[in-house]
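Worksheet: one structure, shown below.
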Protein chains: 2
Amino acid sequence: MATISDVAARAGVSTATVSRTLNGKSTVDPELAARVLEAAEELGYHPNGLARNLRRQETAVLALIISDVENPFFTSIARGVEDLAQVSGYSVVLCNSDENEDKERRYLDVALQERVAGVLLSPTGPATNVTRLRRLGTPVVAVDRPLPGTDCDQVLVDTRRAARQATRHLVANGYRRVACLSGPSGVRTADDRLSGYLDAVGEENAIYRRAEYRAEGARRAAGDLLDQPAPPDALLVANSTMAIGVLEALAARKLRAGRDIGIVSFDDAPWTTLIDPPLTVVAQPAYEIGRVAAQLLLARIADSTREPVTTTLDAQLIDRQSSHR
Amino acid sequence: MATISDVAARAGVSTATVSRTLNGKSTVDPELAARVLEAAEELGYHPNGLARNLRRQETAVLALIISDVENPFFTSIARGVEDLAQVSGYSVVLCNSDENEDKERRYLDVALQERVAGVLLSPTGPATNVTRLRRLGTPVVAVDRPLPGTDCDQVLVDTRRAARQATRHLVANGYRRVACLSGPSGVRTADDRLSGYLDAVGEENAIYRRAEYRAEGARRAAGDLLDQPAPPDALLVANSTMAIGVLEALAARKLRAGRDIGIVSFDDAPWTTLIDPPLTVVAQPAYEIGRVAAQLLLARIADSTREPVTTTLDAQLIDRQSSHR
DNA sequence: TTGTAGGCGTTATCAA
DNA sequence: TTGATAACGCCTACAA
């Protein structure tokens with residue numbers, strides 16, 4: 001494990017010169033530089049990022065803490081973040097909090113301890129706490145869900161409006177008993193989607209269930225709804241992972257989407273056009289969320305005095321067959 | 001950004017005592033310890049992992065470099081790795097090489113520079129080079145695909161056998177012109193799946209195409225195959241991302257899986273039971289791959305003299321409707 | 001049990 | 001332009 005001083009010794013120069021050569025900072029005599037490069041090559045030298053970061057008090061890595069790696073929505077965000085970060089020379093490490101406060105806290109600690117340059121985070125819920133990170137001056141950007149009680153940059157989707165619109169779409173298509181299957185209470189997107197649904201049908205007509213943002217919970221909740229004496233004739237589903245559970249529940253009861261029960265789901269997962277009938281969805285600009293969030297984070301790293309901004313993107317209803325009789 | 005000496009000053013002790021207290025190493029007078037803890041709390045002290053790792057020459061983070069975050073197969077591996085690592089106190093950072101040699105090299109560099117404790121890697125192809133990592137003594141475990149020319153731990157799937165078996169399954173079900181759609185040449189799993197297919201049909205009957213491990217390329221390749229004068233009547237598809245493209249190509253031609261063309265795909269993605277007819281798949285134990293790989297890596301971190309082992313897991317054909325007329 | 005001091009590998013400051 | 005040298009924040013002999 002060759003160090004900078006090994007290289008210096010071999011090249012017959014000081015460590016300072018080696019450092020300068022390797023970082024291309026101030027000018028170095030071409031001949032010395034060549035000797036340094038050669039020595040480094042021969043020794044198989046690789047800079048120790050730990051020492052460098054310790055000295056420089058900065059890192060070129062961003063942490064992206066998402067709440068579910070198995071959800072295509074979040075992996076699209078990840079790609080957006082990554083693509084933008086990469087061109088600025090940052091690398092992105094992805095951490096999966098798995099909708100679990102403990103894991104999230106642990107990764108937040110890692111980010112803190114490793115002194116990453118910045119953190120992008122989709123908070124698991126109201127308990128998420130980034131004050132320690134903030135105290136240290138590490139910039140944080142919230143994606144998909146706001147960070148309660150903190151004034152940091154945020155990239156959100158107007159999900160309440162989208163839910164309202166989707167619900168009205170179902171009503172306009174002749175469904176009379178539209179229900180909603182949303183995520184856990186306290187998760188902002190879940191709350192907002194439910195609110196949008198309520199906006200559209202009114203409190204008095206509300207039929208809804210909450211479950212984890214997972215297939216399994218959604219299957220049970222959908223089953224529960226469908227087995228009521230007066231079951232709903234349409235369903236707004238809060239994300240594509242849940243939609244899988246819902247569709248399984250339908251299949252188990254030989255119910256056909258569209259004809260028997262109207263379905264609209266959030267998130268345009270790649271498989272939604274493959275099923276019969278194709279799923280009407282609310283497409284969120286996930287990749288764009290990632291890009292914008294990374295932009296905001298980089299801007300804040302460059303200038304910590306910027307006013308925090310909240311960017312709200314629009315979702316788009318893609319009308320397919322599952323919402324038509 | 002309080003340091004250990006700030007805490008020491010405030011508690012009226014030496015930095016050594018603070019360090020010992022915080023790490024619970026040798027015994028410290030309870031009263032002093034209490035003072036230290038209190039001071040740390042008041043100052044909002046958080047250890048600097050960079051400095052600690054530099055000093056200790058070790059980190060508690062593992063890097064997992066996968067070739068496609070958007071492929072459920074790899075995200076399942078990630079969960080397996082994570083679950084196992086977590087109980088041993090390691091955190092896992094996920095890097096997405098995106099089947100791209102440059103990105104992969106970059107993340108390998110990051111892993112090298114950050115001196116992570118170990119690396120898990122699904123190599124993008126034959127150009128993947130981990131010798132620099134190895135020279136530094138960083139343990140590497142290959143997952144899903146072997147690492148050519150290096151004797152490191154590996155966790156693989158007997159994918160050739162699985163492909164052979166899947167092809168025979170199609171033949172046994174009466175399909176006469178079975179084709180294969182595999183991934184890029186040089187990617188070991190793609191080569192092996194093609195080989196398994198060839199084992200079953202024989203070189204002389206072979207009909208196959210290669211494309212990227214992506215929906216888009218698969219759609220084109222499948223279209224090309226289907227538009228031949230004498231198109232195949234069955235298709236073995238090398239992964240679930242490609243299957244999406246294939247199914248799109250079928251839909252565009254009003255072809256029905258099973259009846260018109262038999263389909264078997266690798267990877268039991270969550271949506272495969274939702275489509276009509278349900279997709280017959282080769283299920284790989286992705287989560288298990290991740291767990292085993294993490295075990296191997298941890299074992300090697302603990303004892304670098306261990307002989308490298310290759311663990312080969314079995315895949316399982318799940319017979320559903322798309323492979324029946 | 002506690003403190004002093006040296007060093008992990010870099011970079012940045014300051015003279016020369 | 002180059003080279004000593006002092007940090008960066010932490011841990012750990014070694015000494016007290």
Side-chain angles (χ1 to χ4, degrees), chain A residues 1-37 39-40 43-61 109-110 112-117 135-138, chain B residues 1-37 39-40 43-61 109-110 112-117 135-138:
Chain A
M1 190 135 59
T3 74
I4 202 172
S5 44
D6 297 330
V7 177
R10 179 158 194 133
V13 299
S14 73
T15 60
T17 300
V18 176
S19 176
R20 281 191 284 253
T21 306
L22 265 24
N23 293 298
K25 285 290 179 187
S26 83
T27 51
V28 178
D29 183 280
E31 202 224 326
L32 282 194
R35 287 224 308 270
V36 168
L37 260 19
L43 259 32
Y45 169 77
H46 289 286
N48 184 322
L50 256 40
R52 165 181 292 171
N53 297 336
L54 175 59
R55 176 62 233 230
R56 285 199 185 154
Q57 301 281 61
E58 66 182 27
T59 324
V61 358
D109 273 349
V110 172
L112 187 74
Q113 293 202 0
E114 302 297 324
R115 301 293 196 267
V116 298
R135 261 211 305 268
L136 238 73
T138 309
Chain B
M1 190 135 58
T3 76
I4 202 173
S5 44
D6 296 331
V7 177
R10 178 157 194 137
V13 299
S14 73
T15 60
T17 301
V18 175
S19 176
R20 283 191 282 252
T21 305
L22 264 25
N23 293 299
K25 286 290 180 189
S26 82
T27 52
V28 178
D29 183 281
E31 203 224 324
L32 284 193
R35 287 224 308 268
V36 167
L37 262 18
L43 259 32
Y45 169 78
H46 289 285
N48 183 323
L50 257 39
R52 165 184 293 169
N53 297 337
L54 176 59
R55 175 61 231 242
R56 287 197 185 154
Q57 302 281 59
E58 66 181 30
T59 325
V61 358
D109 274 349
V110 172
L112 187 74
Q113 294 202 1
E114 301 295 326
R115 301 291 196 269
V116 298
R135 261 211 304 270
L136 238 73
T138 309

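Within every chain, numbering begins at 1; the chains are lettered A, B, ... in the order of the sequence lines, protein sequences first and strands thereafter.
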Between CD1 of B:Ile4 and P of C:dG3 the distance, given in whole Å, is 12 Å
Specify the residue among B:Val13 and A:Leu22 whose closest nucleotide of DNA chain C lies further upstream toward the 5′ end. B:Val13
A:Asn23 vs C:dT11: side-chain N/O to OP1/OP2 distance below 4.0 Å: yes
Whole-Å distance separating the CD atom of A:Glu58 from the C1' atom of D:dC8: 13 Å
Would you say the side-chain atoms of B:Asn23 pair up with the backbone N or O of B:Ser19, donor to acceptor, closer than 3.5 Å? yes
Can you tell me how far P of C:dG9 sits from OH of A:Tyr45, to the nearest Å? 10 Å
A:Leu50 atom CG is separated from D:dC11 atom P, nearest whole Å, by 13 Å
Closer than 3.5 angstrom, by distance alone: can the side chain of A:Thr59 be matched with the main-chain N or O of A:Val61 as a donor-acceptor pair? no
Distance from B:Leu37 atom CG to B:Leu22 atom CG, nearest 0.5 Å? 7.0 Å
From D:dG9, C:dG3, D:dT1, nucleotide with atom closest to B:Asn48 side chain: D:dG9
Which part of the nucleic acid, if any, lies within contact of A:Leu32, taking any heavy atom under 4.0 Å across all strands shown: a base, the sugar-phosphate backbone alone, or nothing? sugar-phosphate
How many angstroms lie between atom CD1 of B:Ile4 and atom CG of B:Leu43, to the nearest 0.5 angstrom? 12.0 Å
Which listed nucleotide (D:dC10, C:dT1, C:dG9) is nearest to the side chain of B:Leu54? C:dG9
What is the bend of the helix from C:dT1-D:dA16 to C:dA16-D:dT1 when you compare the axis at one end with the axis at the other, using five pairs each and rounding to 10°? 40°
B:Ser19 side chain near D:dC11 phosphate (N/O to OP1/OP2, under 4.0 Å): yes
Among D:dC11, C:dT1, D:dT1, the one nearest any side-chain atom of B:Asp29 is C:dT1
Give me the distances for all protein-to-nucleotides 4-7 of chain D N/O pairs that come in under 3.5 Å?
residue	atom	partner	partner atom	Å
D:dA7	N3	A:Arg55	NH1	3.1

Can you tell me how far OG1 of A:Thr21 sits from CG of A:Asp29, rounded to the nearest 0.5 angstrom? 9.5 Å
Nearest of D:dG3, C:dT10, C:dG3 to any side-chain atom of A:Arg52? C:dT10
Within the pair A:Gln57 and C:dT11, is there a side-chain N or O less than 4.0 Å away from OP1 or OP2? no
Over how many whole Å does the gap from B:Leu112 atom CG to C:dT10 atom P extend? 11 Å
Can you check the B:Leu43 CG to D:dG9 P distance for me, whole Å? 13 Å
Looking at A:Thr17, does any N or O in its side chain come under 4.0 Å of the phosphate oxygens OP1/OP2 on D:dG3? yes
Is there a donor-acceptor pair closer than 3.5 Å between any side-chain N or O of B:Arg35 and the backbone N or O of B:Ala11? yes
Has the side chain of A:Ser14 got a donor or acceptor atom that lies under 3.5 Å from a matching backbone atom of A:Thr17? yes
